[in-house]
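See structure below.
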Amino acid sequence: MQSHTGQRQVLFPFLLPLFCGGLSEQIHYSIPEEMARGSVVGNLAEDLGLHVRDLLNRNLRVSGEEQYFIVNTENGNILVSDRIDRESLCPQSILCIVPLEIMAENPLNVFHITVKIEDINDNSPYFPQNSIVLQINELAILGTRFGLESAIDADVGPNSLQSYQLSYNEYFSLMVKDKREGKNAPELILEKPLDREHQNSHFLVLTAMDGGDPVQSGTIQIRIEVTDANDNPPVFSQDVYKVSIPENLPLGTSVLKVTAVDQDEGINAEITYSFKTLRDIRNMFMLDHQNGEIKSKGPIDFEISSSYTMNIEAKDGGGMATECKIIIEILDENDNAPEVIFTSVSNSITEDAELGMVIALFKTLDKDSGENGEVTCLIKEKVPFRIESSANNYYKLVTDGSLDREKTPSYNVTITATDRGKPPLSSSSSITLHIADVNDNTPVFEQAFYLVHIAENNPPGASIAQVSASDPDLGPNGRVSYSIVASDLEPRALASYVSRAFDHEQLRAFELTLQARDQGSPALSANVSLRVLVDDRNDNAPRVLYPALGPDGSALFDTVPRAAQPGYLVTKVVAVDADSGHNAWLSYHVLQASEPGLFSLGLRTGEVRTARALGDRDAARQRLLVAVRDGGQPPLSATATLLLVFADSLQEVLPDVSDRPAPSDPQAELQFYLVVALALISVLFLLAVILAVALRLRSSSSATTWGCFQPGLCVKSGPVVPPNYSEGTLPYSYNLCVAHTGKTEFNFLKCNEPLSSGQDMLLCVCARGEGERDPVTSSEVPIII
Ligand SMILES: *[C@@H]1O[C@H](CO)[C@@H](O)[C@H](O)[C@H]1NC(C)=O
Ligand SMILES: *[C@@H]1O[C@H](CO)[C@@H](O)[C@H](O)[C@H]1NC(C)=O
């Protein structure tokens with residue numbers, strides 16, 4: 001500046017003298033604006049042609065616009081006294097000239113000078129706003145212009161705003177309107193289609209530049225917001241959604257969520273979802289229209305449908321829509337228990353059914369698939385049946401053991417079918433199998449052997465015994481009938497016993513073979529033996545064999561020697577009783593005696609002995625009334641009258657006897673002779689026997705003891721004593737007779753034989769039983785009189 005001013009100062013001194021006469025007051029200065037205070041604008045004294053020594057005297061000063069300039073009175077320089085801003089001093093105008101009036105005294109004079117203020121580039125261009133926002137729809141047509149505000153530069157001339165520059169971008173270009181139209185306004189031109197979804201805003205910087213040196217500039221930031229147009233349809237995250245869900249989902253369970261996005265914004269991006277499908281699956285699933293979630297709505301059953309396919313549409317607020325496809329696969333759950341269905345059951349299962357016989361056919365059914373539908377069957381009970389698998393879920397129930405209707409008449413067979421699901425399901429089905437009867441059981445008697453006692457003299461038709469047999473079979477197979485199939489009685493006798501009373505004295509025991517027979521076909525039978533023992537009753541009174549009454553009913557007599565000592569055996573009362581045991585155990589009692597105390601009577605023996613010697617006063621004839629009583633309850637008895645005559649010889653007696661009116665009974669005489677003849681024959685026979693025995697004895701040497709008499713019809717054996725015999729002599733001795741007869745009849749053999757003395761009688765009674773098992777009844781009893 002200093003040099004610039006210097007140049008002016010050099011210029012003006014040349015000009016001033018030239019124009020001093022005519023243009024004496026017109027002095028021009030030119031300074032740039034914004035000079036520092038005190039800067040010299042020009043030397044007025046020189047330019048006015050004043051002498052330096054006059055200056056003080058002249059007192060030069062600036063009037064008027066004095067705030068910018070002062071005059072140094074010492075040297076006449078005009079100095080800048082304040083900051084000079086051209087733009088505020090001369091706004092709007094290109095030329096800025098400040099007129100100054102310089103007053104001088106001594107003499108007073110006015111000098112007019114002008115100071116031209118020259119522009120310097122002290123202002124930058126600037127925009128009224130730092131930044132602006134432009135909203136441009138993304139569908140704006142190419143070439144569209146968007147006007148921008150101009151920048152402002154207070155400088156003038158080349159220092160003023162000259163050009164604009166736009167930061168680089170591919171969408172917009174800059175165009176500046178022609179200057180001739182005044183303000184040169186910048187404009188943006190759309191060069192490339194906008195896409196909000198690609199880039200929703202752009203930043204541009206516009207720079208305004210002046211022509212100064214150096215160039216000054218100002219910028220504005222332009223933000224372009226691309227506004228949305230509904231130019232995008234919603235887009236699903238997948239074209240096809242595939243999901244697998246188990247069946248039997250609880251209602252309202254979320255199955256799947258579809259998502260569609262719309263790149264637009266606002267209402268153009270508000271999506272609603274809806275079913276778009278031909279099949280009416282709205283009963284099965286529900287769709288949340290807002291968030292696209294699919295939930296189960298109805299019962300989902302694999303067995304009804306194993307998959308569902310549907311379309312879902314997403315629609316934005318602008319009406320653009322897209323569809324997607326949904327495939328929902330239903331997974332099988334083990335939710336069906338297998339069933340057991342009997343297709344046929346045999347209606348007759350006999351207890352003799354063979355192993356492996358088919359009893360029933362059944363099948364299983366499981367609606368599930370895969371392992372959930374694989375079924376196994378089993379029987380839990382212990383029954384004689386098993387399951388055989390047949391094809392295609394068909395099974396046979398066959399016998400697997402022996403059946404016995406009598407033990408188990410029916411079976412409840414429960415077949416449990418279980419599938420292989422996790423957890424497995426099972427179900428059971430039962431059938432009741434009734435086992436039909438077969439006649440496989442023979443009747444069985446309650447006892448293996450029956451032994452019954454029956455008292456003799458039973459009323460005809462009375463029950464002897466009752467047997468019973470059981471047969472567990474059913475119906476006719478178990479209906480038992482009874483019969484007597486064998487007996488050891490004679491066939492005719494058997495029938496007659498029905499209407500007869502038993503007589504122990506004739507039949508002591510017999511055995512029947514009974515048969516129980518069912519009515520099966522073939523019938524089965526069992527035998528049992530029934531042994532009947534006929535018990536004795538005291539139904540036979542003792543029978544007096546001696547003394548026998550005479551043929552005329554008169555009693556015979558016995559003689560007693562007069563000199564008989566006490567204890568002399570006079571005679572013996574002999575009686576028998578057909579009963580047995582106690583009923584036949586006889587006792588003898590004196591009922592009446594003409595001279596009591598003269599005779600004694602053996603209680604058991606029946607022996608009549610003298611009790612004392614005959615006295616003088618005793619009568620020669622004595623009479624004893626003897627009672628023979630058996631041991632039965634009540635006892636039965638018989639009486640016998642003994643006539644006893646004391647005499648030394650028979651002749652002595654006979655007159656007495658003959659005295660008596662002898663009954664001339666030819667019958668009695670005949671009997672007497674018969675007896676004599678019989679006795680004779682017997683003696684002869686006895687002699688023969690004795691001879692035979694003697695011969696035999698000589699060879700065997702050992703003599704046998706024979707209780708009562710030697711020879712006899714009976715085979716000898718030891719005496720048999722009645723069980724409770726205690727005192728006295730035996731009424732008779734028992735001798736085992738025929739041990740093995742095997743005969744069924746009851747024999748009562750009698751034989752009497754006179755002994756050599758001719759006084760005693762022998763009576764041999766042989767009671768012969770029929771069986772080996774009853775030794776008591778198989779005996780012969782010889783009785784010696
Ligand atoms: C079989 O089942 C029936 C009916 O449930 C029952 O009355 C009967 O007692 C059962 N029989 C056996 C042998 O369990
Ligand atoms: C039963 O006894 C009868 C007659 O003795 C005989 O024929 C039959 O075979 C016997 N039955 C049995 C099963 O022993």
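It should be emphasised that the depicted structure is a prediction, and the values quoted were computed from it without experimental measurement. Atoms within a ligand are numbered from 1 in the order they appear, just like the ligands themselves.
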Give a table of atom pairs where an N or O of ligand 2 lies under 3.5 Å from a protein N or O.
residue  : atom   : partner : partner atom : Å
ligand 2 : 2 (O)  : N527    : ND2          : 2.2
ligand 2 : 11 (N) : N527    : ND2          : 2.9
ligand 2 : 14 (O) : N527    : ND2          : 3.3

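- The ring of Y395 has its center no closer than 6.0 angstrom to the ring center of F342.
- S587 OG to L603 CG: the interatomic distance, rounded to the nearest 0.5 Å, is 5.5 Å.
- A salt bridge links E511 to R531: one of the charged nitrogens lies within less than 4.0 Å of a carboxylate oxygen.
- In this view, S481 satisfies the side-chain hydrogen bond (donor to acceptor under 3.5 Å, both in side chains) rule with no residue, not counting sequence neighbours.
- Under the side-chain hydrogen bond (donor to acceptor under 3.5 Å, both in side chains) criterion, the residue pairs touching residues 378-391 are E381-T414, R386-E388, R386-D400, with sequence neighbours excluded.
- With sequence neighbours left out, the side-chain hydrogen bond (donor to acceptor under 3.5 Å, both in side chains) criterion links N336 to E303, D368.
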